[in-house]
Amino acid sequence: MEINATLIVQMIAFIIYLFFCMYYIWPYVANVIEKRKKKLLSFAEELNILKLEISKINKDILKKKIYEKKISFHIIKKAKIKGKNILQKYKTKAYLEYNKIITEAKYRINIERELAFKNFYKNISKMILSILIKVTRNTFNENLDNKLINKVISKFDYVK
């Protein structure tokens, strides 16, 4: 494989694209993920507080009669089930939100990549045509130059 100008220009365009993604797209995605993570941590802290409160109530109830002891076990069992349900609910919401964010980011990246390639091809074709026209200036007139440029550029419009 030969290293030529096309390969070098493609490498440069790819590097520019990577820097664009790194500085404009990834911070947005990381920020949203971090916000979701903070929400989940706050919910976990609330569950820990509830768990501590239940433990205190349990100690007081265990000092009382056997009947009250049976009631306390039922309350604890229900609280644990409710806590697990709440935690599972927020885990599921967080997972769905994570997938939504990742899918949206991938979609936006693809759109930006397609636009970058389209603009890249148009700019390269205009540059090549202007060089060719300057070289062959004595054989063409200006109207023919514009028609030729538009015709060749329209050939590169297939990139979507």
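The structure presented is a predicted model; accordingly, all values stated were derived computationally and were not measured.
Remark: Lys80 NZ to Lys84 NZ distance equals 7.5 Å, nearest 0.5 Å. To the nearest 0.5 Å, atoms CD1 (Ile76) and NZ (Lys78) are separated by 12.5 Å. With rounding to the nearest 0.5 angstrom, the OH atom of Tyr98 is 6.0 Å from the CD1 atom of Ile33. The line from OH of Tyr95 to NZ of Lys100 is 15.5 Å long, rounded to the nearest 0.5 Å. How far CD of Glu97 is from CG of Asn99: 10.0 Å, rounded to the nearest 0.5 Å.
At least one donor-acceptor pair under 3.5 Å links the side chain of Asn85 to the backbone N or O of Ile81. In this structure, Asn110 contributes its side chain and Arg113 its backbone to no donor-acceptor pair below 3.5 Å.
Cluster annotation: Met22 is connected to Tyr17 through the hydrophobic network of ILVMFWY side chains, with a link wherever side-chain heavy atoms come within less than 4.5 Å. Both Trp26 and Val32 sit in one connected hydrophobic cluster of ILVMFWY residues. Membership requires side-chain heavy atoms under 4.5 Å apart, directly or through other members. Note: the hydrophobic cluster containing Leu41 does not contain Ile49 (ILVMFWY, side chain heavy atoms under 4.5 Å, direct or indirect links). Hydrophobic clustering places Ile16 together with Met11 (ILVMFWY residues linked when any side-chain heavy atoms are closer than 4.5 Å, directly or through intermediates). Cluster annotation: Phe14 is not connected to Ile12 through the hydrophobic network of ILVMFWY side chains, with a link wherever side-chain heavy atoms come within less than 4.5 Å.
Scanning both residues, Ala79 and Ile54, for their nearest heavy atoms gives CB-CD1, 3.1 Å. For the pair Cys21 and Pro27, the tightest heavy-atom approach, listed with the atom from each and the gap, is O-CD, 4.3 Å. Contact between Val29 and Ala105 at its shortest, heavy atoms only, is CG2-CB, 3.6 Å.
Ion pair Glu104/Arg108 flagged as a salt bridge, since at least one NZ, NE, NH1 or NH2 atom sits closer than 4.0 Å to an Asp/Glu carboxylate oxygen.
Looking only at side-chain heavy atoms (C-beta outward), Phe120 and Val9 come within less than 4.5 Å of each other. Put simply, the side chain of Lys35 does not reach to within 4.5 Å of the side chain of Lys39, judged on heavy atoms. Looking at heavy atoms from C-beta onward, Leu47 lies out of side-chain contact with Lys51 at the 4.5 angstrom threshold.
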Subject >> Ile109 vs Phe20, side chain to side chain contact (heavy atoms under 4.5 Å, CB included): CA-CA, chis, key distance, verdict >> reply: CA-CA 10 Å; Ile109 288 170; Phe20 174 79; over 6 Å; no
Original post:
Under the side chain to side chain contact (heavy atoms under 4.5 Å, CB included) criterion, do Glu46 and Leu50 qualify, and how do the steps go?
Top reply: CA-CA 6 Å; Glu46 289 177 18; Leu50 287 174; 5.6 Å; no
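Taking the six-membered ring for Trp and thresholds of 30 and 60 degrees, Phe117 and Tyr121 have nearly parallel ring planes, at less than 30 degrees apart. Below 30°, between 30° and 60°, or above 60°: for Tyr23 and Phe19 the angle between ring planes is below 30°, a parallel geometry.
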